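Structure first, commentary second.
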Amino acid sequence: MIQENATSICGRTGRLVDWIDKADWGDVPTWVGGFFAALAAAAAVWTLASQRRQIGEQRDFIEQQSELLALERHELLAAAQGRREEQARKIELDVTPPYVRVLNRSDDPISDVRCLEDGQPPVRAASSRSEGAEAALSMVLEQLHGQEQEYLDTLGVGRIGWFQRRSDPSRTGAIEISFTDAAGIRWTKTHLGELRQAEE
């Protein structure tokens with residue numbers, strides 16, 4: 001029995017050796033090559049997935065940075081606009097029955113100061129040094145009598161510009177002043193306090 005088993009095992013081993021001898025070894029390199037090609041394809045798929053993930057993370061990072069930059073830019077523009085408007089906001093305008101009064105409370109002079117009421121320029125314009133200068137103003141206006149100077153070339157720091165109104169003093173139309181600040185920016189301001197940069 002042992003001998004039969006040994007013969008059977010030898011026969012099987014012989015058949016295996018015969019099969020190996022008779023195998024078409026040209027196909028084995030193909031299979032080995034296919035196996036490694038499959039490994040390479042799997043590695044490529046893994047690499048692409050990894051790169052996609054990295055690209056997605058980079059895209060998210062770039063979007064976050066873009067949002068931060070947009071926010072910073074908005075804040076910088078708002079700050080720049082605030083600095084740009086700083087002088088213009090310090091120019092005060094009020095209306096008395098005979099005059100439109102413009103007070104320069106800024107730290108720099110303004111130039112080409114004009115006033116319109118319902119689209120009409122004033123009778124004349126003059127400037128004085130201080131708030132209590134009504135008497136001096138009357139003298140200035142007397143000196144200007146006959147001269148139709150409708151605007152002020154310059155309104156210095158702390159000075160008041162006076163514009164004699166053409167319209168009925170008992171009513172107030174749409175009053176607007178315009179001026180150029182120290183930075184060369186043209187502004188308009190209404191008697192209601194609305195300030196805007198003039199269109200060029």
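Owing to the predicted nature of the structure, the values given are computational and were not obtained by experimental measurement. In what follows, every heavy atom counts, from backbone to side chain, and hydrogens, waters and symmetry copies are set aside.
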Quiz prompt | Any donor-acceptor pair under 3.5 Å from Gln87 side chain to Ala182 backbone | solution = yes
Exercise. Take Asp107 and Lys90 through the test side-chain contact (heavy atoms from CB on, under 4.5 Å) and record every step on the way to the result.
Key: CA-CA 9 Å; Asp107 297 328; Lys90 292 180 180 178; 4.2 Å; yes
Practice problem: Give every residue pair that meets the side chain to side chain donor-acceptor pair (under 3.5 Å) criterion with at least one member in residues 62-71, sequence neighbours excluded. | Solution: none
Exercise. Please list, chain by chain and in numerical order, all residues satisfying side chain to side chain contact (heavy atoms under 4.5 Å, CB included) with Ile91, sequence neighbours excluded.
Key: Val102, Asn104, Ser106, Ile110, Ile177, Phe179
Quiz item: For the atom pair CG (Leu152) and CZ (Arg124), what is the distance rounded to the nearest 0.5 Å?
Solution: 13.0 Å
Self-check item: Linked, directly or transitively: Ile185 and Val157 (ILVMFWY side chains, under 4.5 Å)
Solution: no
Quiz prompt | Closest non-hydrogen atom pair, Cys115 against Pro122 | solution = O-CD, 3.2 Å
Quiz prompt | Check: Thr96 main-chain N/O paired with Arg165 side-chain donor or acceptor under 3.5 Å | solution = yes
Quiz prompt | Closest heavy-atom pair and its distance - Trp187, Glu85 | solution = CH2-CG, 3.4 Å
Exercise. Among Arg114, Arg196, His191, Lys189, find the one that has a side-chain hydrogen bond (donor to acceptor under 3.5 Å, both in side chains) with Glu176.
Key: Arg196
Quiz item: Are any non-hydrogen side-chain atoms of Leu155 and Pro109 less than 4.5 angstrom apart?
Solution: no
Exercise. State the CG-CG distance between Asp94 and Leu103, to the nearest 0.5 angstrom.
Key: 8.0 Å
Quiz item: If you round to the nearest 0.5 Å, how far is CD of Glu57 from CZ of Arg59?
Solution: 11.5 Å
Quiz item: Are any of the side-chain nitrogens in Asp181 or Arg186 under 4.0 Å away from the carboxylate oxygens of its partner?
Solution: no
Quiz item: Under 3.5 Å, side chain of Thr190 to main-chain N/O of Glu194, donor-acceptor pair present?
Solution: yes
Quiz item: Are any non-hydrogen side-chain atoms of Arg73 and Leu69 less than 4.5 angstrom apart?
Solution: no
Quiz item: When hydrophobic residues are tied together by side-chain contacts of less than 4.5 Å, even through go-betweens, does Leu116 share a cluster with Phe163?
Solution: no
Self-check item: Side chain to side chain, Leu48 and Val45, heavy atoms closer than 4.5 Å
Solution: no
Quiz item: Between Asp112 and Asp153, is there a donor-acceptor pair closer than 3.5 Å when you use the side chain of the first and the backbone of the second?
Solution: no
